[in-house]
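Take a look at the structure below.
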Amino acid sequence: MTQSSSPINFSCLVSPELSITDLSQSPPLRLGIMASGSGTNFEAIAQAIASKQLNAEVPVLIYNNPDAKVVARADKWKVPAILLNHRNFSSREALDREIVATFQAHQVDVVVMAGWMRIITQVLIDAFPNRLINIHPSLLPSFRGLNAIEQALAYGVKVTGCTVHLVSLEVDSGPILIQAAVPVLADDTPETLHARIQVQEHRILPQAIAILAQQLSTQCSKL
Ligand code: GAR
């Protein structure tokens, strides 16, 4: 078989399909965001709100690393950022109790773990049942936990991607809302692959929030 000289097709499979969800009649969903690092996913949410693709607002961001770059992004978008440094808490539960209290004080409807690199506990899950979501850089259930991209490269998969899911107690598990598949290239490094995965993360995370908003509004209208 001869090798095709046509360029690699970088278009990615996203399921369910991306669509603009019209929730303009509902009050904006109040999102509490948790982030540990760079915060590009936080920024993707802020941009989706600003461009009216997502009917939401972000009353507060919680971060756990004092030097996290997400703080500068929060400043730019005028979102209050609160540092809850896990090193200052006696247990994971104690940290999660403070996270819950902070989000409740800001009347948050839905919590988004947008690059939150700490294990969470039942305390947080119970406070936001079916309203707590996480983004992970693999096609779950493959490659849970830390270094998902390095795990995928080491395994030699040819397709990987990213997943947004409702959060269960087990790390990186729970009902899936949306996934995007990303091809792995022969010369990929963790950095090049992560960069392509992040392009898709920034597309599917706002979409996942819109899907959840739709699910929640359907549940409410049935009550
Ligand atoms: C994202 O790639 C996200 O999928 C990953 O951290 C990165 C945060 O990027 N999350 C996890 O690995 C969680 N298990 P960001 O700070 O630029 O949004």
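Everything quoted here is computed from the prediction, not taken from an experiment. When a ligand or atom number is given, it counts from 1 through the structure's own listing order. For the single chain, residues carry numbers from 1 onward in sequence order.
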Q: Output every pair passing salt bridge (charged side-chain N to carboxylate O under 4.0 Å, His left out) with a member in residues 54-77, not counting sequence neighbours, ordered by first then second residue.
A: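 Every salt bridge (charged side-chain N to carboxylate O under 4.0 Å, His left out) pair that includes a residue of residues 54-77, provided the two are not neighbours, is Arg30-Glu57, Glu43-Arg73, Glu43-Lys76.
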How close does the nearest protein non-hydrogen atom get to [atom], and which residue and atom is it?
atom	answer
atom 5 (C) of ligand 1	Pro137 CD, 3.8 Å
atom 17 (O) of ligand 1	Thr40 OG1, 2.5 Å
atom 16 (O) of ligand 1	Gly39 N, 2.7 Å
atom 9 (O) of ligand 1	Gln198 NE2, 3.2 Å
atom 14 (N) of ligand 1	His136 ND1, 3.0 Å
atom 8 (C) of ligand 1	Gly115 CA, 3.6 Å
atom 10 (N) of ligand 1	Ile135 O, 3.5 Å

(Q) Given Ile33, which partner from the list Ile45, Val70, Ile62 fulfils the side-chain contact (heavy atoms from CB on, under 4.5 Å) test? (A)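 That would be Ile45; it is the only one of Ile45, Val70, Ile62 passing the side-chain contact (heavy atoms from CB on, under 4.5 Å) with Ile33.
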(Q) Can you confirm whether Met34 sits close enough to Phe103 that some side-chain heavy atom of one is under 4.5 Å from a side-chain heavy atom of the other? (A)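 Answer yes - side chains close enough.
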Q) So do Val167 and Met113 actually touch side chain to side chain, heavy atoms under 4.5 Å? A)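 SC-SC contact between Met113 and Val167 confirmed.
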Q.
For the CG atom of Asn64 and the CD1 atom of Ile82, what is their distance to the nearest 0.5 Å?
A.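 It comes to 13.5 Å.
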Q | Straight-line distance of Asn55 CG to Ile209 CD1, nearest 0.5 Å | A |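 Answer rounded to 0.5 Å: 12.0 Å.
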Q. If you count the atoms of ligand 1 from 1 in the order shown, which ones are under 4.0 Å from a heavy atom of Asp172?
A.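 Matching atoms, with element in brackets: 14 (N).
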Q | Ser38: numbered ligand 1 atoms lying under 4.0 Å from its heavy atoms | A |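 Within the 4.0 Å cut-off of Ser38, ligand 1 contributes 16 (O), 17 (O).
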Q.
Can you confirm whether the side chains of Gln198 and Thr40 place a donor and an acceptor under 3.5 Å from each other?
A.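 Their side chains do contain a donor-acceptor pair, which is all the 3.5 Å distance test asks for.
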Q) Side-chain donor-acceptor pair under 3.5 Å between Asn147 and Gln151, yes or no? A)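 Absent: no donor and acceptor within the cut-off.
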Q) Given Glu201, Met113, His202, which has its nearest heavy atom closest to atom 4 (O) of ligand 1? A)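 Heavy atom nearest to atom 4 (O) of ligand 1 belongs to Glu201.
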**Q.** For Glu170, salt bridge (Lys or Arg N to Asp or Glu O under 4.0 Å) partners two or more places apart
**A.**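 Residues passing salt bridge (Lys or Arg N to Asp or Glu O under 4.0 Å) with Glu170: Arg144.
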Please determine whether any non-hydrogen atom of [X] lies less than 4.0 Å from an atom of ligand 1.
X	value
His194	yes
Cys162	no
Met117	yes

